[in-house]
Amino acid sequence: MSKTSFKTPQAIRGTQDIFGPEAEAFAFVVETFERVRKLYRFRRVEMPVFEKTEVFSRAIGETTDVVSKEMYSFEDRGGDSLTLRPEFTAGIARAFLTNGWQQHAPLKVATHGPLFRYERPQKGRYRQFHQIDAEIIGAAEPQADVELLAMADQVIRELGIEDVTLHLNTLGDGDSREAWRAALIDCFGAVKGELSEDSQERLEKNPLRILDSKDPRDRKFVGDAPKIDAFLSDDARAFFDAVTSGLDAAGVKWTRAESLVRGLDYYRHTAFEFIPDEGSAAAGALGSQSTILGGGRYDGLMESLGGAPTPAVGWAAGIERLAMLVGEKGEPAIEAIVLVEHDDGLVAANALLSELRAGGVVADIMATGSPKKRYDKAVKQNPKAILRVNETGYYGMSGEGENERLAAVLANRK
RNA sequence: GCGAUCGUAGCUCAGUUGGUUAGAGCGCCGGUUUGUGGUACCGGAGGUCGGGGGUUCGAGACCCCUCGAUCGCCCCA
């Protein structure tokens with residue numbers, strides 16, 4: 001490789017090149033999700049990575065941070081404003097409306113892939129990040145919430161992640177939520193001067209957010225703030241009760257989190273996050289980006305996209321964050337290495353290698369470098385068997401790793 | 001967008017209050033030894049010390065800017 005006069009371009013900030021054990025952990029998360037979603041009969045969908053900007057600005061809300069300062073938006077060559085998806089839900093809702101997926105309602109769908117948000121990267125937070133996502137669209141019953149949460153719980157358990165708890169709250173229906181919001185503005189507005197600067201701003205933009213502020217100046221008022229329960233309509237309360245009793249019946253452990261709210265405008269009723277328990281290994285591994293799965297009911301979303309009122313619930317989970325918690329996932333063990341001890345045996349070695357792989361044996365070949373050191377290099381990969389090939393062809397095996405597939409291939413050699 | 005820490009070989013890191021040709025381990029390549037074997041030893045390649053300015057007789061070390069990483073805030077998965 002000769003030196004060139006220009007510098008190699010760097011990767012984009014906040015993107016990752018995932019390799020080795022981390023890539024295996026990532027794949028493990030996706031594979032587990034795929035397996036579980038089939039058990040629950042969620043159908044696979046593939047969505048575009050970009051949409052018209054208004055899909056997100058209308059669905060998520062113009063005033064949210066996601067829309068106002070975190071989207072990757074650009075004008076395409078035709079002059080349309082497009083945006084790299086910052087989340088899945090808005091695009092899936094758009095697809096539901098534009099493809100006539102109403103005919104499939106209630107529709108259970110699942111997907112996964114990259115999302116983009118212009119944020120400051122830190123632990124568990126990237127500009128291109130990846131989520132697994134599940135949605136139930138066109139189902140108004142609390143049973144849908146229960147099923148969705150049971151699936152989330154099973155995904156996390158099958159990933160082997162422990163000490164994570166479902167934090168559950170209700171935001172009530174539209175009227176409940178508005179009344180609560182007004183009461184919170186009254187409550188916090190009275191002590192505005194004593195709140196943190198951030199919360200003084202939140203008071204106007206998103207007063208619910210003050211409830212989960214970490215600032216001690218805010219925390220002392222949060223305990224006495226009005227609770228959503230006081231504003232719930234009878235229907236909303238009955239809905240939440242049905243969700244919680246359904247979770248109990250499904251064996252999903254949960255805890256009530258009265259100050260849990262959602263940042264995006266479209267949420268109603270059920271809101272939830274799976275969060276590592278304080279002091280647990282998982283909490284330590286994640287740092288401050290502690291939510292590993294979050295979601296809720298978004299009955300108002302379809303209307304914001306110009307569709308008929310359509311109830312829906314969904315969640316998404318960050319694959320990177322989950323992958324940090326699943327532990328080391330080694331790459332698959334190598335079963336056989338074909339060791340070419342003499343270069344004249346290369347053809348025979350390649351024939352053997354093909355037969356091994358066709359026979360389902362995880363195999364590789366060692367044929368380069370100093371002939372005397374090939375064996376050392378092969379041994380370092382810790383294969384179960386080393387198949388020795390010299391100029392006369394295959395002549396013997398070292399190691400104890402013979403298994404049925406390997407034996408069958410050797411027995412059937414041409 | 002705000003704050004803090006950091007940026008030396010492919011990787012993990014040394015580098016003393018600024019002072020001759022910038023080092024180690026691992027990895028890589030080659031050799032000797034061994035010879036059904038992950039041994040030991042020897043040698044080699046590989047760095048304009050993230051980039052750009054500045055201070056100085058002299059900067060990897062000090063100052064400024066910039067890019068990036070990490071950890072918080074914010075936000076969120």
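Protein chains get the first letters and strands the later ones, always in sequence-line order, with residue 1 at the start of each.
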Over 12 non-hydrogen atoms of neighbours within 6.0 angstrom of CZ in F50(A): no
Heteroatom pairs (N/O) under 3.5 angstrom, protein to nucleotides 7-10 of chain B:
none

What is the separation between atom [atom1] on [X] and atom [atom2] on [N], rounded to the nearest whole Å?
X: D133(A); N: rA77(B); atom1: CG; atom2: P; answer: 11 Å
X: Q131(A); N: rA77(B); atom1: CD; atom2: C1'; answer: 5 Å
X: E70(A); N: rC74(B); atom1: CD; atom2: P; answer: 13 Å

Hits for salt bridge (Lys or Arg N to Asp or Glu O under 4.0 Å) against R157(A), two or more places apart or cross-chain, chain-then-number order -> D153(A)
Sorted by chain and number, sequence neighbours left out, salt bridge (Lys or Arg N to Asp or Glu O under 4.0 Å) with E135(A) holds for none
By side-chain contact (heavy atoms from CB on, under 4.5 Å), F116(A) pairs with (sequence neighbours left out) V49(A), Y72(A), L84(A), P114(A), Q128(A)
With both pairing distances under 3.5 angstrom for Watson-Crick or G-U wobble, and | for a partner in another strand, the correct string for RNA chain B is (((((((..((((.....[...)))).(((((.......))))).....(((((..]....))))))))))))....
Fill in: Spacing of the P atoms in rA22(B) and rC49(B) (rounded, Å)
11 Å
Salt bridge (Lys or Arg N to Asp or Glu O under 4.0 Å) pairs touching residues 269-288 of chain A, sequence neighbours excluded, are R262(A)-E273(A)
Residues 285-299 of chain A vs salt bridge (Lys or Arg N to Asp or Glu O under 4.0 Å), sequence neighbours excluded, gives D145(A)-R297(A), R297(A)-D299(A)
Nucleotide N/O to protein N/O under 3.5 Å, stretch nucleotides 33-35 of chain B:
none

Ignoring backbone atoms, test whether [X] places a side-chain nitrogen or oxygen under 4.0 Å from the OP1 or OP2 oxygen of [N].
X: R374(A); N: rC29(B); result: no
X: K214(A); N: rC73(B); result: yes
X: S288(A); N: rG72(B); result: yes

Ordered by number, residues from residues 18-49 of chain A within less than 4.0 Å of RNA chain B (heavy atoms) are none
Within residues 190-203 of chain A, those residues having any heavy atom closer than 4.0 Å to RNA chain B are D198(A), R202(A)
side-chain hydrogen bond (donor to acceptor under 3.5 Å, both in side chains) pairs touching residues 184-194 of chain A, sequence neighbours excluded, are none
Does any part of the side chain of R388(A), heavy atoms only, come nearer than 4.5 Å to the side chain of Y375(A), both counted from C-beta?
yes
Going by modelled atom types, is there a donor-acceptor pair between the base of rC74(B) and the side chain of R125(A) at under 3.5 Å? yes
Could you list all N or O pairs between the protein and nucleotides 65-70 of chain B that sit under 3.5 Å apart?
| unit_1 | atom_1 | unit_2 | atom_2 | d |
| --- | --- | --- | --- | --- |
| rC67(B) | O2' | Q10(A) | OE1 | 3.0 |
| rA69(B) | OP1 | G14(A) | N | 3.3 |
| rA69(B) | OP2 | R13(A) | NE | 2.8 |

